[in-house]
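Note that these values count all heavy atoms, side chains included, but never hydrogens, waters or copies made by symmetry. A, B, ... follow the sequence lines: proteins, then strands. Residue 1 opens every chain.
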2 protein chains.
Amino acid sequence: MELPEAKQKFIEAWGKLGSEWGINRTMAQVHALLLVTSTELTTEEIMESLSISRGNANMTLRDLMGWGLVEKLHKAGERKEYFFADKNTWNIARQVAKERRKRELEPVMKILDELVKVKGDSKDPEFATFNKSVTDINKMAKNVDKTLETMLKAEENWFWGSIFKMFK
Amino acid sequence: MELPEAKQKFIEAWGKLGSEWGINRTMAQVHALLLVTSTELTTEEIMESLSISRGNANMTLRDLMGWGLVEKLHKAGERKEYFFADKNTWNIARQVAKERRKRELEPVMKILDELVKVKGDSKDPEFATFNKSVTDINKMAKNVDKTLETMLKAEENWFWGSIFKMFK
DNA sequence: ATAAACTTTCAATATATTTTGAAAGTTTAA
DNA sequence: TTAAACTTTCAAAATATATTGAAAGTTTAT
């Protein structure tokens, strides 16, 4: 397989994975493109390369910057903005974990905390079932949250090393 | 907050979280409804309770059974099918992890394995960048895969116990 | 000030996903 | 059989999400 075809395959695969995980396909594709490109790219080049419109490219790049996955730089004497992605996979994973935790896990945990407090007759099977499910899910959410917190603080080797210890 | 309102809130929250993670909202809501209901429910009751059509209820329940999150049972002397959800949170997490691993991680890993093999001139920055990104992502994917495998085999206490050791 | 170079916005449009509901299919009891 | 009770299917409709592109906005150089 030649490099351009391989890049194309990577962009497609990353786009598909992204869309399966609630990240818009174009956003994942722009990210993928920047990951496999050694130079910084302009909006123009990204539009061209992925056949997307200016508006789409602009919004997507802003989103990616909002996620902390892409940065822009200005070259001396030029007015165009150049974009590049952090290529450190560990940073990418941490950044995604950080954002999703904030955007999705936190709001759900807030609701669960409310629901755990709901009082009722523990003899009532409906209440008992509700209470058990909500309490259990709340505990798991807290475990996930703590694990993510650890991951955010951790160095890559330490983190995977710890995971591997689980295999004994 | 009263129980019916609390159930409603839970169903909404679970539906929202699901849709942010690539699981269709209705599917997550039906699952949530079954999680907080002590009795088995018929298609009719689920349709009624969530205001969804028969077709939608039927397809969603089949999907949930496909994910291994819901089962049906037949009551003696009755023709209707009754549905209920496994209420063990750890089982739910494992089941979801298992399915998504098979449906999403495996196909991506297959592509990454191909892309890692692509040969090129290591003096060419374009090739070097491509190769590094793909190789790094492949490694992380393999780590995630192994962690999931461990999780699938593990008992709940052992798994979270191991995670907690990470905090020292 | 002006205009060229560039970026951002957003209403309109296109695309993708989900839902409906009525018809077709299946099973069971009599 | 037949018919009632129930489940499944799927084309059409509704809804939600993503994309376009031209106009408006901004910045910089002259």
Nearest to the side chain of [X], heavy atoms from C-beta on, is which of [options]?
X: A:Arg54; options: C:dT27, D:dT28, C:dT8; answer: C:dT8
X: A:Lys72; options: C:dT27, D:dC10, C:dT8; answer: C:dT8
X: B:Thr43; options: C:dT8, D:dT7, C:dT20; answer: D:dT7
X: B:Ser53; options: D:dT27, D:dC6, C:dT20; answer: C:dT20
X: A:Asn56; options: D:dT20, C:dA5, D:dC6; answer: D:dT20

Would you indicate whether A:Lys142, at its atom NZ, is surrounded by more than 12 heavy atoms from other residues, nucleotides or ligands within a distance under 6.0 Å?
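Enclosed.
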Atom [atom1] of [X] and atom [atom2] of [N]: how far apart are they, to the nearest Å?
X: B:Glu44; N: D:dT7; atom1: CD; atom2: P; answer: 8 Å
X: A:Met59; N: D:dG21; atom1: CE; atom2: P; answer: 14 Å
X: A:Lys16; N: C:dA16; atom1: NZ; atom2: C1'; answer: 15 Å
X: A:Phe83; N: C:dC6; atom1: CZ; atom2: P; answer: 13 Å
X: B:Glu20; N: C:dT17; atom1: CD; atom2: P; answer: 18 Å
X: A:Glu78; N: D:dA29; atom1: CD; atom2: P; answer: 12 Å
X: A:Ile46; N: C:dC6; atom1: CD1; atom2: P; answer: 15 Å

How is A:Ser51 classified with respect to the nucleic acid when contacts are heavy atoms under 4.0 Å: base, sugar-phosphate, or nothing?
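Sugar-phosphate contact only.
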Checking all strands, does A:Asn24 fall into the base, sugar-phosphate, or nothing category for heavy-atom contacts under 4.0 angstrom?
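It contacts sugar-phosphate atoms only.
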Report yes or no: does A:Glu45 contribute a side-chain atom to a donor-acceptor pair with the main-chain N or O of A:Thr42 at less than 3.5 Å?
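A pair under 3.5 Å: yes.
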Checking A:Glu126 side chain against B:Ser38 main chain: does a donor-acceptor pair fall under 3.5 Å?
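Judged by distance alone, yes, a pair lies under 3.5 Å.
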Within the structure, does a side-chain N or O atom of [X] lie under 4.0 Å from either OP1 or OP2 of [N]?
X: A:Asn58; N: D:dT19; answer: no
X: B:Arg62; N: D:dT9; answer: yes
X: B:Thr26; N: C:dT19; answer: yes

A:Thr60 versus A:Gln29: any side-chain heavy-atom pair under 4.5 Å?
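The answer is no, as the side chains (C-beta and beyond) never meet within the 4.5 Å cut-off.
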Go through the side-chain N and O atoms of A:Trp21 and B:Glu104 and say whether any donor and acceptor fall under 3.5 Å apart.
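Checked: A:Trp21/B:Glu104 side chains pair up, N/O donor to acceptor below 3.5 Å.
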